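Predicted model only: the values in this text are computed from it and were never measured. The chains referred to below are lettered A, B, ... by the order of the sequence lines, with proteins before strands, and numbering in each begins at 1.
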Number of protein chains: 2
Amino acid sequence: MNQELQDLVDQFHKILYLYSVIGRKPKDYGTGDLLYFSEIHTIAMIDRNREINITRLADVMGVTKGAISQTISKLVAKKLIIRKNIRNLKEVNLMLSAKGRKVLKAQEAFQNEIFTFAASLYEKAGSTDRELVGRLFRAITANMEERVRGAQA
Amino acid sequence: MNQELQDLVDQFHKILYLYSVIGRKPKDYGTGDLLYFSEIHTIAMIDRNREINITRLADVMGVTKGAISQTISKLVAKKLIIRKNIRNLKEVNLMLSAKGRKVLKAQEAFQNEIFTFAASLYEKAGSTDRELVGRLFRAITANMEERVRGAQA
DNA sequence: TTAATTTTGTTTAGCTGCTAAACAAAAAGC
DNA sequence: GCTTTTTGTTTAGCAGCTAAACAAAATTAA
């Protein structure tokens with residue numbers, strides 16, 4: 001691997017690490033509740049997978065059912081999400097409350113903020129440049145998803 | 001923010017999350033010790049900042065002195081790093097042991113593996129494409145570093 | 001030189017978030 | 001109807017972190 005590419009990989013890892021540092025402190029997303037990244041991420045996943053149940057959510061998020069069950073209890077206590085039995089008495093189907101949707105909106109604004117500088121550069125770029133960036137990210141994501149699945153099997 | 005860019009930001013966040021999932025399980029880097037990302041990252045930072053002390057390392061890594069002190073004790077017990085008093089009796093200067101350097105080599109190989117697919121795409125790209133990617137990453141890193149510093153001040 | 005202050009590192013209690021395992025209850029299969 | 005599977009919860013225990021109390025060395029001031 002050449003130096004230029006090595007620098008890029010190093011830069012990428014720095015981003016990954018800094019993100020974990022930033023995520024350590026819980027944040028108020030406009031509702032008075034202090035929320036951790038894991039809680040916010042759970043909310044986002046429920047929004048993207050309407051009426052998902054605990055088992056599937058655990059699978060999608062790469063954690064155990066027990067972990068999700070605990071997180072959900074906290075989020076329900078904070079009135080950010082709602083437990084419902086839609087299909088039968090056994091399955092728990094999850095939905096965002098109005099408050100949960102408000103939190104999600106605020107979080108999206110915050111996460112986009114981090115990428116504002118990058119976004120302006122990106123918007124000035126040509127279409128072939130953009131295509132490379134998109135393919136790069138998809139390649140890394142695919143590789144990571146494989147690792148997560150492999151580790152759980 | 002347009003849809004194309006929004007997708008890219010989403011993709012980026014997926015990578016950040018997946019990385020945290022992968023990092024949850026400790027890994028053997030060829031010495032028989034199971035090491036967490038935080039331990040590996042500490043080793044990498046000591047390598048890049050020769051004879052760094054606890055206070056500066058805590059600052060560089062964005063955690064408290066207490067946290068670093070604890071991590072160091074574990075890494076010394078595993079014989080991956082060495083405590084030395086170079087400047088005076090008070091300051092603890094940190095260095096990698098031969099075993100620590102071995103772990104670092106293995107980790108670099110592992111992290112590069114994750115980026116292999118992306119790397120091959122990157123190497124096929126032209127110089128203007130590459131420049132965009134580099135600037136993009138530097139922009140995100142700079143923004144995140146500012147956040148880490150701001151949170152600590 | 002001595003005394004006060006600052007710097008440096010360690011230890012402790014307490015927290016979050018996770019896992020693995022034991023468990024209870026409903027649903028599905030035979 | 002009875003057994004097996006699926007689904008979700010609870011518990012004990014661990015890693016990693018913070019804040020705060022602490023000890024000791026180094027620096028500064030008098």
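In this structure the side chain of A/Ile72 reaches within 4.5 angstrom of the side chain of A/Leu57, judged on heavy atoms. Looking at heavy atoms from C-beta onward, A/Ile15 lies in side-chain contact with B/Phe12 at the 4.5 angstrom threshold. The shortest side-chain heavy-atom distance between A/Leu16 and B/Leu16 falls under the 4.5 Å cut-off. Looking at B/Val63 and B/Ile68, their side chains come closer than 4.5 Å, going by heavy atoms from C-beta outward. Put simply, the side chain of A/Tyr29 does not reach to within 4.5 Å of the side chain of A/Lys102, judged on heavy atoms.
When the side-chain nitrogen and oxygen atoms of A/Ser20 are compared with OP1 and OP2 of D/dC17, none of them lie within a distance under 4.0 Å. At D/dG16, none of the side-chain N or O atoms of B/Thr64 fall inside 4.0 Å of OP1 or OP2 (strictly under the cut-off).
DNA chain C is contacted by no residue of residues 26-47 of chain B, taking any non-hydrogen atom closer than 4.0 Å.
Screening B/Val92, B/Ile86, B/Leu94 against B/Glu51 for a side-chain contact (heavy atoms from CB on, under 4.5 Å) leaves a single residue, B/Ile86. With respect to A/Asp33, the salt bridge (Lys or Arg N to Asp or Glu O under 4.0 Å) criterion is satisfied by exactly one of A/Lys78, A/Lys99, A/Lys27, A/Lys79: A/Lys99.
For a distance-only test at 3.5 Å, the side chain of B/Gln70 qualifies as a donor-acceptor partner of the base of D/dT18.
Between the CE atom of B/Met61 and the C1' atom of D/dG16 there is a distance of 11 Å, rounded to whole Å. Here the P atom of nucleotide C/dC18 and the CD1 atom of A/Ile68 are 7 Å apart, to the nearest Å. The distance between atom CG of B/Leu89 and atom C1' of D/dA26, rounded to the nearest whole Å, is 10 Å. Between the CZ atom of A/Arg24 and the P atom of C/dG14 there is a distance of 22 Å, rounded to whole Å. Spacing between atom CG of B/Asn88 and atom C1' of D/dA24 amounts to 12 Å, rounded to whole angstrom units.
The B/Lys74 side chain lies nearest to D/dA15 when the options are D/dA15, D/dC17, C/dA27. The side chain of B/Ala67 sits closest to D/dC17 out of D/dC17, C/dA20, C/dC18.
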Pull out every protein N or O sitting under 3.5 Å from an N or O of nucleotides 1-8 of chain D, one pair per line with the distance.
{"from": "D/dT6", "atom 1": "O2", "to": "A/Lys90", "atom 2": "NZ", "distance (Å)": "2.7"}
{"from": "D/dG8", "atom 1": "OP1", "to": "A/Val92", "atom 2": "N", "distance (Å)": "2.7"}
{"from": "D/dG8", "atom 1": "OP1", "to": "A/Val92", "atom 2": "O", "distance (Å)": "3.4"}
{"from": "D/dG8", "atom 1": "OP2", "to": "A/Ile54", "atom 2": "N", "distance (Å)": "3.3"}
{"from": "D/dG8", "atom 1": "OP2", "to": "A/Thr55", "atom 2": "N", "distance (Å)": "2.7"}
{"from": "D/dG8", "atom 1": "OP2", "to": "A/Thr55", "atom 2": "OG1", "distance (Å)": "2.7"}
{"from": "D/dG8", "atom 1": "N7", "to": "A/Lys65", "atom 2": "NZ", "distance (Å)": "2.7"}

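Nucleotides of DNA chain C nearest to A/Arg87 and B/Ser73 differ in position, and the one nearer the 5' end is that of B/Ser73.
Atom NE2 in A/His41 sits 14.5 Å away from atom CG in A/Leu35 (nearest 0.5 Å).
Using a 30° and 60° split on the angle between ring planes, B/His13 and A/Tyr19 fall in the perpendicular class, above 60°.
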